[in-house]
Amino acid sequence: MTDILRLAAQNQQTAYDIIARSKIIDCWQAVGAEINLIGSLKTGLLMKHRDIDFHIYTPTLDIARSFKAVSALAQNPHIKKVTYDNLLNLPDTCLEWHAWYETDDGSLWQIDMIHMPKGSPFDGYFEKIAERISAIMSPAQKETILRLKYQTPDNQKIPGIMYYMAVLRDNITEYAAFENWLQQNKTDGIINWIP
């Protein structure tokens, strides 16, 4: 378990280094946006999936402002690719950006940026989830979640919330039991669960 905890700590430190070196927070704040870290890095549960999640808010959602922030981010030579989806006509009511940052050792990290207007249906929702997970999770539960994430095959993409529900709500502790749990708890789309 010590090696898993060490790997998780190293990956989380790398993620925070990427945030600092990319100047992503400055890029969004320069256009008047509030940018909040969410997800597994925020809760200390980032394991081996190289993914950094942000929710970004502005009083109104101006596409040009969003492009301006991401254009500034893309000036960083470590940013190798950027994608964009306009989801304003969907329940998400957001602009979805993904950027890929290449570290000095050649590893690619995905940075997810969800830009939405203040007061949208998901304003603060995922921040609240991260706060609740951090508040109620015991050290043993944290270790269990990190171990289950580590044991997940690299070609499987399982939303982090599924691990948290399995461990924090349903007391799953072993990977075989987690696989069975996943079969009984299939979902697609946003999962509305706060511990």
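These numbers come from a predicted model, not from an experiment. Residue numbers run from 1 in the order of the sequence given.
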*Asks:* Say you draw a straight line from CD of Glu34 to CG of Asp123; how long is it, rounded to the nearest 0.5 Å?
*Replies:*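 Answer rounded to 0.5 Å: 7.5 Å.
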
*Asks:* For the pair Tyr125 and Phe122, name the ring-plane relationship: parallel under 30°, tilted 30 to 60°, perpendicular over 60°.
*Replies:*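 Because their plane-to-plane angle is over 60°, the rings of Tyr125 and Phe122 count as perpendicular.
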
*Asks:* Could you check whether atom NZ of Lys118 has more than 12 heavy atoms from other residues, nucleotides or ligands sitting under 6.0 Å from it?
*Replies:*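 Result for NZ/Lys118: enclosed.
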
*Asks:* Closest heavy-atom contact between Thr173 and Leu148?
*Replies:*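 That would be O-CD2, 4.3 Å.
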
*Asks:* When rounded to the nearest 0.5 angstrom, what is the spacing between CD1 in Ile18 and CD1 in Ile52?
*Replies:*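 Spacing of CD1 (Ile18) from CD1 (Ile52) equals 4.5 Å.
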
*Asks:* Which residues pass the ring-ring contact (aromatic ring centres under 6.0 Å, His included) test with Phe54, sequence neighbours left out?
*Replies:*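 None.
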
*Asks:* Step by step, would you call Asp62 with Thr60 a side-chain hydrogen bond (donor to acceptor under 3.5 Å, both in side chains)?
*Replies:* CA-CA 6 Å; Asp62 175 37; Thr60 58; over 6 Å; no

*Asks:* Which residues pass the ring-ring contact (aromatic ring centres under 6.0 Å, His included) test with Tyr84, not counting sequence neighbours?
*Replies:*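 Tyr84: ring-ring contact (aromatic ring centres under 6.0 Å, His included) contacts with Phe67, Trp97.
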
*Asks:* Taking the side chain from Asp105 and the backbone from Ser107, do they hold a donor-acceptor pair closer than 3.5 Å?
*Replies:*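 Yes, because the side chain of Asp105 sits within donor-acceptor range (under 3.5 Å) of the backbone of Ser107.
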
*Asks:* With sequence neighbours excluded, what pairs up with Gln12 under the side chain to side chain contact (heavy atoms under 4.5 Å, CB included) test?
*Replies:*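 In terms of side chain to side chain contact (heavy atoms under 4.5 Å, CB included), with neighbours along the sequence ignored, Gln12 is linked to Ala8, Leu41, Leu46.
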
*Asks:* Ile145, Ile38: one ILVMFWY side-chain cluster at the under-4.5 Å cut-off?
*Replies:*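 Yes, it is one cluster - the side chains of Ile145 and Ile38 are joined through contacts under 4.5 Å.
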
*Asks:* Heavy atoms only: give me the nearest Met137-Gln141 pair and the separation to one decimal.
*Replies:*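 Smallest interatomic distance, heavy atoms only, reads CA-OE1, 3.5 Å.
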
*Asks:* Check the hydrophobic clustering (I, L, V, M, F, W, Y; side-chain heavy atoms under 4.5 Å; chains of links allowed) and say if Phe126 and Ile56 are grouped together.
*Replies:*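 No; Ile56 is not reachable from Phe126 via cluster members.
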
*Asks:* Side-chain contact test, heavy atoms from C-beta onward, threshold under 4.5 Å: evaluate it for Met113 versus Trp28 and give yes or no.
*Replies:*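 A side-chain contact under 4.5 Å exists here.
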
*Asks:* Holding to side chain to side chain contact (heavy atoms under 4.5 Å, CB included), I want the full list of residues that pass it with Gln75, two or more places apart in sequence or in another chain.
*Replies:*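 Partners of Gln75 by the side chain to side chain contact (heavy atoms under 4.5 Å, CB included) criterion, ordered by chain and then number, come out as Ser71.
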
*Asks:* Looking only at non-hydrogen atoms, find the nearest pair between Ile158 and Leu182 and report the distance.
*Replies:*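 Smallest interatomic distance, heavy atoms only, reads CD1-CD1, 3.6 Å.
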
*Asks:* Indicate yes or no for a side-chain donor-acceptor contact from Lys157 to the backbone of Asp154 under 3.5 Å, with no hydrogens or angles considered.
*Replies:*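 Not at all, since once roles are kept as given, no pair shorter than 3.5 Å links the two residues.
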
*Asks:* Just wondering, do Ser134 and Thr43 contact through their side chains at under 4.5 Å, heavy atoms?
*Replies:*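 A side-chain contact under 4.5 Å exists here.
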
*Asks:* Do Ile63 and Leu87 belong together in a cluster built from hydrophobic side chains that touch within less than 4.5 Å?
*Replies:*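 No.
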
*Asks:* Name all residues meeting the ring-ring contact (aromatic ring centres under 6.0 Å, His included) criterion together with Tyr164; count only those two or more places apart in sequence or in a different chain, and write none if there are none.
*Replies:*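 Residues passing ring-ring contact (aromatic ring centres under 6.0 Å, His included) with Tyr164: none at all.
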
*Asks:* side-chain contact (heavy atoms from CB on, under 4.5 Å) between Thr93 and Met116: does it pass, once the steps are laid out?
*Replies:* CA-CA 7 Å; Thr93 318; Met116 64 189 84; over 6 Å; no

*Asks:* Is Ile19 close to Leu37 at the side-chain level, that is, under 4.5 Å between some pair of heavy atoms?
*Replies:*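 A side-chain contact under 4.5 Å exists here.
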
*Asks:* Where do Tyr163 and Ser40 land on the side-chain hydrogen bond (donor to acceptor under 3.5 Å, both in side chains) test, with the steps shown first?
*Replies:* CA-CA 11 Å; Tyr163 295 94; Ser40 59; over 6 Å; no

*Asks:* Please tell me if the side chains of Asn86 and Leu95 come closer than 4.5 Å, counting only heavy atoms from C-beta onward.
*Replies:*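 SC-SC contact between Asn86 and Leu95 confirmed.
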
*Asks:* Give, for atom CG of Asn11 and atom CG of Asp51, the distance between the pair rounded to the nearest 0.5 Å.
*Replies:*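 Going from CG on Asn11 over to CG on Asp51, the span is 12.0 Å.
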
*Asks:* Working to the nearest 0.5 Å, report the span between CE of Met47 and CD1 of Ile4.
*Replies:*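 Rounded to the nearest 0.5 Å, the CE-CD1 separation comes out at 6.0 Å.
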
*Asks:* With a 4.5 Å limit on heavy-atom distance, are the side chains of Leu90 and Glu96 in contact?
*Replies:*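 No, too far: nothing below the 4.5 Å cut-off.
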
*Asks:* Rounded to the nearest 0.5 Å, what separation is found between the CH2 atom of Trp181 and the CD atom of Glu174?
*Replies:*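 Spacing of CH2 (Trp181) from CD (Glu174) equals 16.0 Å.
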
*Asks:* Given Lys142 and Leu45, is the side-chain contact (heavy atoms from CB on, under 4.5 Å) satisfied, shown in steps?
*Replies:* CA-CA 7 Å; Lys142 180 176 183 176; Leu45 294 169; 3.7 Å; yes

*Asks:* Would Lys23 and Asn76 satisfy side-chain contact (heavy atoms from CB on, under 4.5 Å), going step by step from the backbone distance to the final call?
*Replies:* CA-CA 9 Å; Lys23 300 191 178 355; Asn76 187 305; 5.8 Å; no

*Asks:* Would you please classify the geometry between the His98 ring and the Trp100 ring as parallel, tilted or perpendicular, with 30° and 60° separating the classes?
*Replies:*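 Answer is tilted, since the angle falls between 30° and 60°.
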
*Asks:* State whether the number of non-hydrogen atoms from other residues, nucleotides or ligands found under 6.0 Å of Lys81 atom NZ is greater than 12.
*Replies:*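 Check fails, neighbour count at 12 or below.
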
*Asks:* Considering only NZ, NE, NH1 and NH2 on the basic side and carboxylate oxygens on the acidic side, decide whether Arg21 and Asp104 come within less than 4.0 Å.
*Replies:*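 Yes, Arg21 and Asp104 are salt-bridged.
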
*Asks:* Please determine whether residues Ile35 and Ile114 belong to a single hydrophobic cluster, defined as Ile, Leu, Val, Met, Phe, Trp and Tyr linked transitively by side-chain heavy-atom distances below 4.5 Å.
*Replies:*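 No.
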
*Asks:* Give a yes or no on whether Ile194 and Met165 share a hydrophobic cluster (residues Ile, Leu, Val, Met, Phe, Trp, Tyr; joining criterion: side-chain heavy atoms under 4.5 Å apart).
*Replies:*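 Hydrophobic grouping puts Ile194 with Met165.
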
*Asks:* Which heavy atom of Gly124 sits nearest a heavy atom of Tyr57, and at what distance?
*Replies:*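 Taking Gly124 first and Tyr57 second, the nearest heavy atoms are N-OH, 3.0 Å.
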
*Asks:* According to ring-ring contact (aromatic ring centres under 6.0 Å, His included), who are the partners of His49, at least two apart in sequence or on a separate chain?
*Replies:*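 His49 satisfies ring-ring contact (aromatic ring centres under 6.0 Å, His included) with no other residue.
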
*Asks:* Go through the steps to decide whether Arg147 and Tyr175 satisfy the test side-chain contact (heavy atoms from CB on, under 4.5 Å), and finish with yes or no.
*Replies:* CA-CA 8 Å; Arg147 180 172 39 78; Tyr175 193 76; 5.8 Å; no

*Asks:* Give the minimum heavy-atom separation between Leu73 and Ser22, together with the two atoms involved.
*Replies:*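 What the structure gives for the nearest pair is CD1-O, 3.7 Å.
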
*Asks:* Do the side chains of Arg50 and Tyr101 get nearer than 4.5 Å, heavy atoms only?
*Replies:*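 No, their side chains stay 4.5 Å or more apart.
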
*Asks:* Considering non-hydrogen atoms only, spot the tightest contact between Thr58 and Gly32 and give its length.
*Replies:*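 Closest approach of Thr58 to Gly32: CG2-O, 4.1 Å.
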
*Asks:* Check whether more than 12 heavy atoms from other residues, nucleotides or ligands sit under 6.0 Å from atom NZ of Lys42, and answer yes or no.
*Replies:*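 No - once you tally the heavy atoms of other residues, nucleotides and ligands closer than 6.0 Å, there are 12 at most.
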
*Asks:* If only atom types and distance count, is the side chain of Lys48 paired as donor or acceptor with the main-chain N or O of Leu7 below 3.5 Å?
*Replies:*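 Such a contact is absent between Lys48 side chain and Leu7 backbone.
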
